[in-house]
Amino acid sequence: AGIAFDATGRQTKRLIEVENAAITFGDRTILRGVSVTLVNGLKLGLAGSNGSGKTSLLRAITGEVALSEGSIRYRLADGEIAELDALSESAVRRLWRTEWGFVHQNAEDGLRMPVSAGGNVGEPLMSTGWRNYARIRATAADWLERVEIPADRIDDPPSTFSGGMR
């Protein structure tokens, strides 16, 4: 069951290509034969029944789950094409911090719950070379405000936030 978005014949830059992906856990096949091409500007929604493999596919695309068959390629910011399974764990984590943006299904999977909201924003910035504390804190306050979390909550841990705020 492949999904292709290249019917126009345009040579749009492909950002992510999933080819013939299969995921198994033990003797249970979660998904098989999935192919998806994502190009710049495309928004793709995944729909399916509970347990059909939607989250597993997304976790494979982010490098959190290994494919049992198939491949996933990603176009890096410099234009180079990388096979995700060939990247080290640290290289994948660097992509999480620098090139990818995603929201976890469960907030606890993407947040360090006992660390302040500002720390949750600031740590990835520091891992990419940011060093000025005032600049990091101002950026964290700005990002919190953008998602309608009052900046005066910057020192509060996400564990004190409502489910929607997380």
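- Put simply, the side chain of Trp96 gets close to the backbone of Thr62: a donor and an acceptor are under 3.5 Å apart.
- For the pair Ser49 (side chain) and Ser52 (backbone), a donor-acceptor distance under 3.5 Å is absent.
- Of the possible polar contacts, none joining the Thr37 side chain to the Glu17 backbone as a donor-acceptor pair under 3.5 Å is found.
- With Arg131 contributing its side chain and Met126 its backbone, the two residues share a donor-acceptor pair below 3.5 Å.
- Two residues are said to be in side-chain contact when any heavy atoms from C-beta on lie closer than 4.5 Å; Glu80 and Arg75 fail this criterion.
- Without hydrogens or angle criteria, Ser56 side chain to Gly53 main chain gives no donor-acceptor distance under 3.5 Å.
- Other residues, nucleotides and ligands contribute over 12 non-hydrogen atoms within 6.0 Å of the CD atom of Glu83.
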field: Candidate pair Ser90 and Arg93, rule side-chain hydrogen bond (donor to acceptor under 3.5 Å, both in side chains), full reasoning
entry: CA-CA 5 Å; Ser90 65; Arg93 290 192 180 278; over 6 Å; no

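- Among all heavy-atom pairs drawn from Ala21 and Val18, the shortest one is CB-CG1, 3.5 Å.
- For the atom pair CD1 of Ile16 and CD1 of Ile81, the computed distance is 11.0 Å after rounding to the nearest 0.5 Å.
- Residues Trp100 and Ile61 form no side-chain contact, since every pair of their non-hydrogen atoms from C-beta on lies 4.5 Å or further apart.
- The shortest distance between side-chain heavy atoms of Asn20 and Val34 does not fall below 4.5 Å.
- Contact check for Thr139 versus Trp130: side-chain heavy atoms found under the 4.5 Å cut-off.
- With values rounded to the nearest 0.5 angstrom, Trp143 atom CH2 is found 12.0 Å from Asn120 atom CG.
- For the atom pair OG1 (Thr24) and CG (Asp27), the distance works out to 9.0 Å, reported to the nearest 0.5 Å.
- Side chain of Glu99 to backbone of Ala77: a donor-acceptor contact under 3.5 angstrom is found.
- Two residues are said to be in side-chain contact when any heavy atoms from C-beta on lie closer than 4.5 Å; Ile30 and Phe25 meet this criterion.
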Could you tabulate the donor-acceptor pairs under 3.5 Å formed by side-chain atoms of residues 149-158, not counting sequence neighbours?
from   : atom 1 : to     : atom 2 : distance (Å)
Arg153 : NE     : Asp156 : OD2    : 2.5
Arg153 : NH2    : Thr160 : O      : 3.4
Arg153 : NH2    : Thr160 : OG1    : 3.2
Asp155 : OD1    : Arg137 : NH1    : 3.0
Asp155 : OD1    : Arg137 : NH2    : 3.3
Asp155 : OD2    : Arg137 : NH2    : 2.9

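- Atom OH of Tyr133 sits in a sparse spot, with 12 or fewer heavy atoms from other residues, nucleotides or ligands closer than 6.0 Å.
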Would you give me the side-chain donor-acceptor pairs under 3.5 Å for residues 107-118, sequence neighbours excluded?
from   : atom 1 : to     : atom 2 : distance (Å)
Glu108 : OE2    : Arg166 : NH1    : 2.8
Arg112 : NH1    : Glu123 : OE1    : 2.8
Arg112 : NH1    : Glu123 : OE2    : 2.7
Ser116 : OG     : Gly119 : N      : 2.9

field: Residue pair Arg73, Glu19: steps toward the side chain to side chain contact (heavy atoms under 4.5 Å, CB included) verdict
entry: CA-CA 9 Å; Arg73 287 182 296 285; Glu19 284 189 10; 2.5 Å; yes

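- Within a 6.0 Å sphere centred on CG of Asp78, heavy atoms belonging to other residues, nucleotides or ligands number more than 12.
- A single hydrophobic cluster is seen to contain both Leu58 and Leu95, as judged by linkage of ILVMFWY side chains at heavy-atom distances under 4.5 Å, directly or through other members.
- Without hydrogens or angle criteria, Lys54 side chain to Gly48 main chain gives a donor-acceptor distance under 3.5 Å.
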message: Determine whether Leu67 and Ile72 satisfy the following criterion, side chain to side chain contact (heavy atoms under 4.5 Å, CB included), listing intermediate values before the conclusion.
response: CA-CA 9 Å; Leu67 295 178; Ile72 300 174; 3.6 Å; yes

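- Checked against salt bridge (Lys or Arg N to Asp or Glu O under 4.0 Å), Glu64 has no partners two or more places apart in sequence or in another chain.
- Looking only at side-chain heavy atoms (C-beta outward), Ile23 and Val65 come within less than 4.5 Å of each other.
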